[in-house]
Amino acid sequence: MKDLKKAEDLRVRLISWYADNARPLPWRETHDPYLIWISEIMLQQTQVATVIPYYLKFSKRFPTIKRLAEASLEEVLALWSGLGYYKRARQVKQSAEQIIKGFDGLIPRVHKDLLSLPGIGKYTAGAILSIAYDLNYPILDGNVMRVLSRVFAMDEVLNAKGVQNKLWSLAEKILPEKKAGMFNQALMELGALICLPSGKKSLCHDCPISESCEAHQKDLVSQLPKLPEKREKVKIQQVMFLLLEKKGFLILQRPDDVLLKGMWELPGKEISDQPHQEAAYQILKEDFAVDGNPHYLSSLSHSITYRAITCHVYLIHVSGEVKKSLMNRLESRTLEYRWIQRDELQDLPHSSLIDKVMLLLDPVQKDLF
DNA sequence: AAATCGGGGTT
DNA sequence: AACCCAGATTT
């Protein structure tokens, strides 16, 4: 079999390359299945460089699964703030409780048990089993898909079910009999450092397995893998308010049935085509019962999945009767609200948009307080 | 099968 | 501004 010979050749070269080129990453310094699990969840659709500081904070604050299970969800979400995909934080917390209860506090080493936990799919289960327990399970992530689709010159669009099955099957076939964890990481590392997405230049001249790579031989590297079309971006405009009073500024908690559920944010609203100055005045009056002219601070961009948000930030001091009117309006709503200082934000679940607004504030802060 | 969920690193 | 990242889950 040609494929089998190819697989053996590929294994040897890849492992050897990895020995010399593996990046020193924090989660590579531990054998604790709990910490490896946490790293894998954080790394879902999230780049290594982004994850590192969060992983370090998390492993320090919740060094054991028991500590995580006993923590409050709010604290976990606060620590996760800025990392995105906040469902992961809820699921990690929920899984920790399930593991304490149902698995004696030990991260399962059975594939089916891992898959039963929220937030763990086929990739993450394989990663935990191979990396933490050195069991022979394949993985298939974005990196591995790119590498395999090139090595085997697969020209079908990747998202189809049949193609996915084929890729999983290949990932399983090329797996060595021992050291699956190291091999899996080597495959991903190759995708991260050498076999880069089209658009970036692939570094085939440094690739340890270019001789086994069909795409390289046929000069198809820049055309593979074939990716599905992406959803069109939707442009959204919104206004956002810094309502300042003596003791700080106002934040609201998002409801449970929307994007970023339960996260704290500045008061604001999506607007249509009207000038944002007018919208700001009107929304302040109608939605927050504040009659006054907000001061335009600046606008910033923020994107959430397919949404490209332009956020116009306004600032207004509230006190006396104006504040009383605002408080009345807030009390009549079911939304939670708080007045906080800037340094209290880090203890509350919040998206990075509000952090961007805070940074915007730096140049003018001395004029505010 | 397609849509949804965050945010930023990189080019 | 586009692409895509150590994907999972819901529709």
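By convention in this document, chain letters (A, B, ...) are assigned in the order of the sequence lines, proteins followed by strands, and residues within each chain are numbered from 1.
- Contacts of A:Leu227 with the nucleic acid, taken as non-hydrogen atoms under 4.0 Å apart, involve only primed sugar atoms and P, OP1 or OP2.
- For A:Thr305 and B:dG7, a side-chain-to-base donor-acceptor distance below 3.5 Å is absent, hydrogens and geometry of angles not being considered.
- Heavy-atom neighbours of A:Lys261 NZ from other residues, nucleotides or ligands within 6.0 Å: above the threshold of 12.
- Straight-line distance between the P atoms of C:dA8 and B:dG8: roughly 22 Å, to the nearest whole Å.
- Closest to the A:Ser351 side chain, of the nucleotides C:dT9, B:dG7, B:dC5, is B:dG7.
- Checking side-chain atoms of A:Arg329 against main-chain N and O of A:Glu286 turns up a donor-acceptor pair under 3.5 Å.
- The nearest whole Å value for the distance from the OH atom in A:Tyr86 to the P atom in C:dT9 is 19 Å.
- Counting to the nearest Å, the C1' atom of B:dC5 and the OH atom of A:Tyr85 are 5 Å from each other.
- Taking only side-chain nitrogens and oxygens, A:Arg231 comes nearer than 4.0 Å to OP1 or OP2 of B:dT4.
- Remark: P of B:dT4 and NZ of A:Lys87 are 13 Å apart, rounded to the nearest angstrom.
- Using a 4.0 Å heavy-atom criterion, one finds that A:Trp27 contacts the bases of the nucleic acid, with or without backbone contacts as well.
- Considering only side-chain atoms of A:Met188, the nucleotide from B:dG6, C:dA6, B:dT4 that sits closest is C:dA6.
- With A:Trp339 as the aromatic partner, A:Lys323 meets the cation-pi criteria of under 6.0 angstrom to the ring centre and within 45 degrees of the ring axis.
- Between the side chains of A:Arg88 and A:Thr46, at least one donor-acceptor pair of N or O atoms lies under 3.5 Å.
- Across all strands, A:Leu259 comes closer than 4.0 Å only to sugar-phosphate atoms, never to a base (heavy-atom distances).
- Between A:Phe241 and A:Phe288, the ring planes are perpendicular. Angles over 60° get that label, and only those under 30° would be called parallel.
- Looking at heavy-atom distances under 4.0 Å, A:Leu25 makes contact with a base.
- The residue among A:Tyr123 and A:Lys235 whose nearest nucleotide of DNA chain C lies closer to the 5′ end is A:Lys235.
- Of the side-chain N and O atoms in A:Arg146, one or more sit less than 4.0 angstrom from OP1 or OP2 of C:dC5.
- Using a 30° and 60° split on the angle between ring planes, A:Trp80 and A:Phe58 fall in the perpendicular class, above 60°.
- A donor-acceptor contact closer than 3.5 angstrom links the side chains of A:Thr124 and A:Gln44.
- Atom CD of A:Gln91 is separated from atom C1' of B:dT4 by 13 Å (rounded to the nearest Å).
- Note: CG (A:Leu117) to P (C:dA8) measures 12 Å, nearest angstrom.
- Here the separation of B:dT4 from C:dA6, taken at their P atoms, is 24 Å to the nearest Å.
- Taking every heavy atom of residues 153-169 of chain A and every atom of DNA chain C, no pair lies under 4.0 Å.
- In this structure a side-chain-to-backbone donor-acceptor pair under 3.5 Å is missing from A:Asp206 to A:Leu193.
- Grouped by direct or indirect side-chain proximity (heavy atoms under 4.5 Å, Ile/Leu/Val/Met/Phe/Trp/Tyr only), A:Leu224 sits with A:Leu220.
- An OP1 or OP2 oxygen of C:dG7 is reached within less than 4.0 angstrom by no side-chain nitrogen or oxygen of A:Gln44.
- Listed nucleotides B:dG7, C:dA6, C:dG7 differ in distance to A:Thr124; the shortest reach to its side chain belongs to C:dG7.
- Nearest to the side-chain atoms of A:Tyr306 among the listed nucleotides C:dT9, C:dA6, B:dC5 stands B:dC5.
- Looking at heavy-atom distances under 4.0 Å, A:Pro118 makes contact with sugar-phosphate atoms alone, never a base.
- Residue contacts for A:Leu260: at a heavy-atom cut-off of 4.0 Å it reaches the sugar-phosphate backbone alone, with no base atom in range.
- In this structure, A:Leu243 and A:Leu284 have side chains that are in contact, with non-hydrogen atoms separated by less than 4.5 Å.
- Of the two residues near DNA chain C, A:Ile120 and A:Glu40, the one whose nearest nucleotide lies more 5' is A:Glu40.
- Residues A:Leu43 and A:Trp27 meet the side-chain proximity criterion, which asks for heavy atoms closer than 4.5 Å.
- Whole-Å rounding puts the A:Leu43 CG to C:dC5 C1' distance at 10 Å.
- Across all strands shown, A:Val48 has heavy atoms under 4.0 Å from base atoms, whether or not it also approaches the sugar-phosphate.
- The aromatic rings of A:His312 and A:Tyr296 lie tilted to each other, with the angle between the two planes from 30° to 60°.
- Within the nucleic acid shown, A:Arg28 comes within 4.0 Å of at least one base atom, counting heavy atoms only.
- Atom-to-atom, OH of A:Tyr54 to C1' of C:dC5 comes out at 15 Å; the value is rounded to the nearest Å.
- In this structure, A:Gln45 places its CD atom 12 Å from C1' of C:dC3, rounding to the nearest Å.
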Can you give me the N/O atom pairs linking the protein to nucleotides 8-11 of chain B at distances under 3.5 Å, or say none if there are none?
from	atom 1	to	atom 2	distance (Å)
B:dG8	N2	A:Gln47	NE2	3.3
B:dG9	O4'	A:Gln47	OE1	2.8

